[in-house]
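Below is one structure, written out as structure tokens, with a few remarks after it.
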There are 2 protein chains.
Amino acid sequence: MDNPADHGDEARSEIDRKVEPARADTGTLGKAIAVLDIVASADEPMRFTDILALSDQPRGTLHRQLSNLVEEGLLSLGRDHSYSVGIRLLKFAARAWAGNQFRVIAEPHLRKLHDLTGETVHLGVLRGNEVIYLDKVESRQAVRMYSQIGNASPVYCTGVGKAGLSALPDAELQAVVASIRFRRFTDSTLVTPDALLREIEEIRASGNAYDREEHEPGIRCVAAPIYSADRSFVGGLSVTGPAYRISTDLLESWAVLVRDAARGIMDDMGARLGPRT
Amino acid sequence: MDNPADHGDEARSEIDRKVEPARADTGTLGKAIAVLDIVASADEPMRFTDILALSDQPRGTLHRQLSNLVEEGLLSLGRDHSYSVGIRLLKFAARAWAGNQFRVIAEPHLRKLHDLTGETVHLGVLRGNEVIYLDKVESRQAVRMYSQIGNASPVYCTGVGKAGLSALPDAELQAVVASIRFRRFTDSTLVTPDALLREIEEIRASGNAYDREEHEPGIRCVAAPIYSADRSFVGGLSVTGPAYRISTDLLESWAVLVRDAARGIMDDMGARLGPRT
DNA sequence: AAATTGTGTTCCGAATATTGGAACTTCAAT
DNA sequence: ATTGAAGTTCCAATATTCGGAACACAATTT
């Protein structure tokens with residue numbers, strides 16, 4: 001989303017000396033959020049020293065940042081001095097979710113796609129080199145509600161992620177791919193930039209991305225990209241299911257349905273956003 | 001959660017000149033989050049001038065704060081210059097939810113209570129004069145997933161809210177009640193501090209709070225308080241249902257079930273947290 | 001029991017980011 | 001074209017953050 005080649009004014013010629021690529025200057029706030037992100041990215045509560053090791057701030061500074069975050073309810077401090085993400089963020093997120101126009105517009109299309117396939121449908125957007133899931137429609141709802149929503153997964157081994165990548169302008173695509181730290185989740189995971197870029201080409205040609213058990217063994221999906229006219233916004237949707245139930249042929253037969261849904265969402269977004277031009 | 005009479009050191013005798021009660025000093029971060037909160041509390045996207053009117057910051061300052069929030073992904077800026085809450089918060093919230101020990105511990109008890117009553121069960125915590133819902137178990141899950149979770153509702157007209165209030169130490173209770181701006185939602189809504197405090201007394205005596213169509217017409221609930229040993233943490237759980245299906249008698253017959261569930265959760269929390277002393 | 005190490009917290013001058021008024025730019029409407 | 005409203009940028013004054021070092025406190029070792 002951070003288009004590095006933006007703001008092409010001529011009035012600023014010498015400012016861009018710092019070639020340091022995607023480092024936005026958000027001052028004090030940015031540093032605080034970076035700390036928050038460290039805590040949020042951990043799988044379990046972290047203690048002060050753990051955070052100190054990951055953050056490159058001096059002790060005193062980090063301590064004040066953490067105190068402020070706790071005071072604001074963005075973090076919570078357990079009696080054993082462990083920090084975890086605060087529930088105040090739930091309030092913010094509930095608003096973000098309910099008010100998200102993209103999600104609202106997409107919802108009926110997700111339902112329809114679910115009705116047609118009977119399998120789980122996901123909606124997600126790109127954020128850096130992660131995909132964040134915005135919504136999910138599945139049959140056996142009973143289990144866990146939040147589950148996938150809000151989850152951040154890697155771009156390079158998820159259907160939605162690869163679909164999103166395929167919709168990026170080349171410059172951005174290169175930047176994102178360069179920022180990935182590949183990790184092998186299964187035997188099929190793509191673990192090199194080249195393999196990923198080659199697959200992006202295929203996706204651009206066919207209009208569909210596949211996840212062939214690349215993230216979780218036994219889980220397959222078909223996805224298609226969704227984007228705004230100027231590509232300032234990029235995401236995707238997918239149909240996911242267990243390999244034992246979904247043959248490769250069946251998966252491919254759904255490809256056109258997923259593309260149609262993506263097209264429908266983009267049309268609706270255009271109708272909603274277009275007139276405002 | 002902000003205990004005003006904390007940190008009773010003797011080393012600080014003259015610092016507390018500012019009697020300005022519950023104003024924490026979280027510096028730049030606090031101001032930024034206040035802006036975020038303004039946007040999050042609105043029902044629809046706000047434009048710059050709208051925010052300017054609610055924030056007491058000068059134009060230039062507010063503009064930078066908004067820009068930083070957007071840059072960090074906490075807000076998103078539409079092409080029509082409207083600000084809305086950013087999806088990056090979803091990632092944080094997903095972690096906050098999944099990692100919240102209280103919620104994890106409470107979950108089986110919520111399910112059991114749902115099985116016993118067949119109606120919707122809510123779990124929430126107090127934050128200031130709002131209650132934030134952490135979890136929900138309901139029968140017809142098919143509708144909307146996020147729905148209530150993360151929602152912030154007033155303390156004074158919800159079962160969980162009043163239950164929580166009843167568990168607060170008197171000093172805090174007074175402070176919270178004083179901060180409430182009462183609003184009439186239905187004919188039954190309590191709209192004065194006195195009426196509320198009187199009801200808190202009853203709740204303390206009986207161990208149960210009721211919402212008798214005080215927030216939404218046609219919706220009733222029974223709740224019970226949950227708190228940590230030192231009351232540093234206060235919340236509640238409730239069983240909610242439509243008035244046409246739930247007679248007052250039926251509601252009262254569930255009171256003991258709700259209390260039992262609350263007791264069970266507190267026991268489990270003690271077992272989990274106690275040994276760590 | 002005394003010493004030691006590991007963790008977390010507080011303090012304060014120096015460095016830096018924020019502030020806020022005013023000037024500047026768009027864009028829409030008259 | 002002209003006006004007005006809305007949004008954006010600029011820069012010196014100021015308040016905040018920074019970060020090293022000293023301080024508490026607890027757990028562990030000698």
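In what follows, chains carry the letters A, B, and so on, assigned in the order in which the sequence lines appear, proteins first and then strands, with residues in each chain numbered from 1. No experiment lies behind these values; they were computed from the predicted model shown.
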Write down the distance between CG (A:Leu69) and P (D:dT17), rounded to a whole number of angstrom.
-> 12 Å

Reckon A:His63 has a side-chain N or O less than 4.0 Å from the OP1 or OP2 of C:dT9?
-> yes

Integer-rounded Å distance: D:dG7 C1' and B:Asp80 CG = 13 Å

Among residues 28-43 of chain A, which contact DNA chain C at a heavy-atom distance under 4.0 Å?
-> A:Thr28

Could you give the distance from NZ (B:Lys136) to CG (B:Leu110), rounded to the nearest 0.5 Å?
-> 12.5 Å

Enter the distance from A:Arg183:CZ to A:Tyr156:OH here, rounded to the nearest 0.5 Å.
-> 7.0 Å

Atom CG of B:Leu52 and atom P of C:dG20 are separated, to the nearest Å, by 12 Å

Could you grab the distance from atom OG of B:Ser179 to atom CG of B:Asn129, nearest 0.5 Å is fine?
-> 4.0 Å

Toward the 5' end of DNA chain C, which comes first, B:Pro58 or A:Gly60, by nearest nucleotide?
-> A:Gly60

Hey, what do you get for CD (A:Glu130) to CZ (B:Arg88), rounding to the nearest 0.5 Å?
-> 9.0 Å

Student check: side-chain heavy atoms of B:Met46 and B:Leu54 closer than 4.5 Å = yes

Let me know the distance between CG of A:Asn68 and P of C:dT10, rounded to the nearest Å.
-> 12 Å

Atom pair distance, as rounded to whole Å: CG in A:Asp56 and P in D:dC18 = 12 Å

Indicate, with a heavy-atom threshold strictly under 4.0 Å, whether B:Arg64 touches base, sugar-phosphate, or nothing.
-> base

Report yes if some heavy atom in the side chain of A:Leu123 is under 4.5 Å from a heavy atom in the side chain of A:Arg103; otherwise report no.
-> yes

For A:Arg47 and C:dT7, is the shortest distance between a side-chain N/O and OP1 or OP2 below 4.0 Å?
-> no

Give the rounded distance in Å between these two atoms: NE2 of A:His81 and C1' of C:dG8.
-> 7 Å

Evaluate the ring planes of A:Phe233 and A:Phe102, with Trp represented by its six-membered ring, and classify them as parallel (under 30°), tilted (30 to 60°) or perpendicular (over 60°).
-> perpendicular

What about A:Arg59: does its side chain form a donor-acceptor pair under 3.5 Å with the base of C:dG8?
-> yes

D:dG7 OP1/OP2 closer than 4.0 Å to side-chain N/O of B:Thr49 | yes

Value in whole Å for how far the C1' atom of D:dA5 lies from CG of B:Asp50 = 13 Å

Looking at D:dT8, C:dG20, C:dG8, which one has an atom nearest to any side-chain atom of A:Phe48?
-> C:dG8

Starting at atom CD of B:Glu71, determine the distance to atom P of C:dT18, rounded to an integer number of angstrom.
-> 13 Å

